[in-house]
Each structure stands twice: as C-alpha cells, then as structure tokens.
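The structure under discussion appears below in the form of structure tokens.
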Amino acid sequence: MYQLEVVTPKGIVFQGEVEQTVINTSDGEIGVLENHMLLLTNVVPGKLRIERENEEPIEFAVTYGNIDVRGDRVIVLVEEAFGLEEINVEQEKQILEEAKAKLEQKETLSLEEIEHYEKLRERAEVLLELAGVKVR
C-alpha cells in the first residue's frame with residue numbers, strides 16, 4: 001500500500017492508501033505498485049484507475065499533467081479529473097468539432113495555436129471514447 005494524491009487546480013480529487021494506480025502517460029499505460037521505482041512523467045488524456053484493498057476500483061477521466069512516483073507516495077497532478085459519468089458528451093463533441101475546424105486552416109495558425117488545437121482534439125476524442133462515444 002502507498003499514499004496517492006490526485007490533484008487538479010481546483011483541489012484534491014482523491015487522497016488515500018491504494019494498492020495500484022493505472023494511468024496513461026506519454027510513454028503508454030503504466031501501473032504503479034508499492035515500492036515502484038522513482039518516476040516523473042507526463043500524463044495524457046485517458047482513464048485513471050485506482051485500486052484499493054477490498055474495495056471496488058475508482059475510475060476517473062483525466063487530462064494532461066504529470067505523475068510523480070516517490071516510493072511510498074504518488075502524486076498525480078492533472079488539469080482535470082472527474083468521474084466517467086460526469087463527461088459532458090455534447091460539450092466534448094462541440095470542442096472536438098471546433099478543434100477540427102481550426103486545424104483544417106493550419107496555414108493560418110501559429111505553431112502554438114496548432115499545438116493547442118491538437119491537444120484539444122486529442123482531449124475531446126479520448127473523453128468521448130471514455131463516455132462510450134465512437135469518434136475515431
């Protein structure tokens with residue numbers, strides 16, 4: 001068992017003792033168990049699964065951020081984290097369409113704007129898939 005904190009700019013979303021944390025990173029999905037090697041890596045949009053002893057797993061939809069693994073303590077710091085049932089499908093569809101429309105005009109965008117809209121597109125696609133909507 002180890003201490004896990006899931007934190008967003010709005011505050012702590014989860015804090016407690018866990019057996020395992022499964023999360024999507026820029027290098028792929030990872031599982032963190034007790035005494036995991038030290039690790040600091042980027043989190044990408046996807047599902048965060050928290051497994052606790054003798055309890056049902058908790059799942060969150062998370063967006064971009066970082067995970068910091070330090071032996072007996074893990075901190076997941078992300079822009080957003082919310083229950084899968086809290087995904088606003090209509091809002092995410094709108095964000096996806098707007099991002100796609102902007103990206104169709106790449107020649108008029110700066111590199112920063114292209115990166116911004118690509119991140120918005122990826123975020124919306126992943127959240128919609130977590131909500132059970134096929135988008136790809």
Side-chain angles (χ1 to χ4, degrees):
M1 301 280 279
Y2 59 90
Q3 184 69 25
L4 171 68
E5 285 184 41
V6 180
V7 183
T8 71
K10 294 181 180 179
I12 296 173
V13 176
F14 176 89
Q15 185 173 29
E17 292 281 317
V18 303
E19 287 188 333
Q20 178 171 237
T21 305
V22 180
I23 193 165
N24 292 311
T25 71
S26 54
D27 296 320
E29 183 180 80
I30 64 167
V32 178
L33 296 168
E34 187 175 17
N35 297 318
H36 192 282
M37 68 178 202
L38 297 178
L39 175 69
L40 177 61
T41 192
N42 295 323
V43 172
V44 296
K47 186 188 302 182
L48 165 62
R49 181 180 171 94
I50 300 169
E51 298 178 9
R52 301 171 296 163
E53 189 173 36
N54 300 322
E55 294 186 45
E56 286 294 313
I58 300 172
E59 295 182 333
F60 291 101
V62 296
T63 58
Y64 296 97
N66 296 294
I67 182 170
D68 184 0
V69 180
R70 299 181 189 188
D72 65 344
R73 186 158 187 237
V74 175
I75 299 172
V76 176
L77 180 61
V78 289
E79 293 173 359
E80 300 170 283
F82 39 84
L84 300 179
E85 69 284 348
E86 296 174 34
I87 297 171
N88 183 330
V89 172
E90 292 310 312
Q91 177 182 328
E92 296 306 323
K93 284 180 178 178
Q94 183 178 352
I95 290 170
L96 178 59
E97 292 310 313
E98 289 174 8
K100 283 182 175 180
K102 289 287 189 180
L103 289 169
E104 286 177 3
Q105 305 164 10
K106 272 188 178 179
E107 61 279 348
T108 65
L109 301 175
S110 69
L111 291 177
E112 291 82 14
E113 289 172 319
I114 292 170
E115 182 178 306
H116 171 75
Y117 290 115
E118 285 176 346
K119 284 178 77 173
L120 278 179
R121 184 190 69 218
E122 178 185 27
R123 175 195 170 280
E125 286 175 348
V126 170
L127 292 179
L128 285 168
E129 286 179 5
L130 289 175
V133 178
K134 186 145 178 82
V135 292
R136 296 182 196 184

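Values in this document were obtained by computation on a predicted structure and should not be read as measured data. Below, all heavy atoms of this structure are taken into account, side chains as well, without hydrogens, waters or symmetry copies.
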Is there a side-chain contact between E118 and L103, using heavy atoms and a 4.5 Å cut-off? yes
salt_bridge(E80, R123) N-O dist < 4.0 Å: yes
Atom pair CG (N42) and CD1 (I67), whose distance is rounded to the nearest 0.5 Å: 11.0 Å
Hphob cluster co-occupancy, L77 + V62, side-chain heavy atoms under 4.5 angstrom: no
L130-V44 co-clustered via ILVMFWY side chain contacts under 4.5 Å: no
Over all heavy atoms of both residues, which pair between I87 and A61 is shortest? Give the atoms and the distance, please. CD1-CB, 4.1 Å
Listed pairs under 3.5 Å, donor-acceptor, residues 94-101 side chains, sequence neighbours left out:
{"residue": "Q94", "atom": "NE2", "partner": "E98", "partner atom": "OE2", "Å": "3.1"}

Following the transitive rule for hydrophobic clusters with a side-chain heavy-atom cut-off under 4.5 Å over Ile, Leu, Val, Met, Phe, Trp and Tyr, establish whether V6 and V69 coincide in one cluster. yes
Working to the nearest 0.5 angstrom, can you tell me the gap between M1 CE and N35 CG? 13.0 Å
Do other residues, nucleotides or ligands put more than 12 heavy atoms under 6.0 Å from E56 CD? no
Applying a strict under-4.5 Å side-chain criterion to I, L, V, M, F, W and Y, I'd like to know whether L84 and V126 cluster together. yes
The reported gap from CD in E59 to CD in E85 (rounded to nearest 0.5 angstrom) is 10.0 Å
Testing the basics here: between A81 and T8, what is the closest heavy-atom pair and its distance to 0.1 Å? N-CG2, 3.7 Å
Presence of salt bridge, R49 and E29, under 4.0 angstrom: no
With L39, which of V74, I30, D68 fulfils side chain to side chain contact (heavy atoms under 4.5 Å, CB included)? I30
Let me have the donor-acceptor pairs involving side chains of residues 12-24, under 3.5 Å, with sequence neighbours excluded, atom names and distances please.
{"residue": "Q20", "atom": "NE2", "partner": "E51", "partner atom": "OE1", "Å": "3.1"}
{"residue": "T21", "atom": "OG1", "partner": "Y2", "partner atom": "OH", "Å": "2.7"}

Approximate separation, where rounding is to 0.5 Å, of F82 CZ and N88 CG: 9.0 Å
Over all atoms of both residues, closest heavy-atom pair of D27 and T41: OD2-OG1, 3.7 Å
What about I58 and V32, same hydrophobic cluster or not, with Ile/Leu/Val/Met/Phe/Trp/Tyr joined at side-chain heavy-atom distances under 4.5 Å? yes
Could you grab the distance from atom CG of N66 to atom CD of E79, nearest 0.5 Å is fine? 9.5 Å
Atom pair CG/CG of D72 and L4 - distance to nearest 0.5 Å: 12.0 Å
What's the verdict on side chain to side chain donor-acceptor pair (under 3.5 Å) for E122 and Y64, showing C-alpha distance, side-chain angles and the deciding distance? CA-CA 10 Å; E122 178 185 27; Y64 296 97; 2.4 Å; yes
Please report the closest heavy-atom contact between K93 and V133, naming both atoms and the distance. CE-CG1, 4.1 Å
What do the steps show when you test V89 against E92 for side chain to side chain contact (heavy atoms under 4.5 Å, CB included), and what is the final call? CA-CA 5 Å; V89 172; E92 296 306 323; 5.9 Å; no
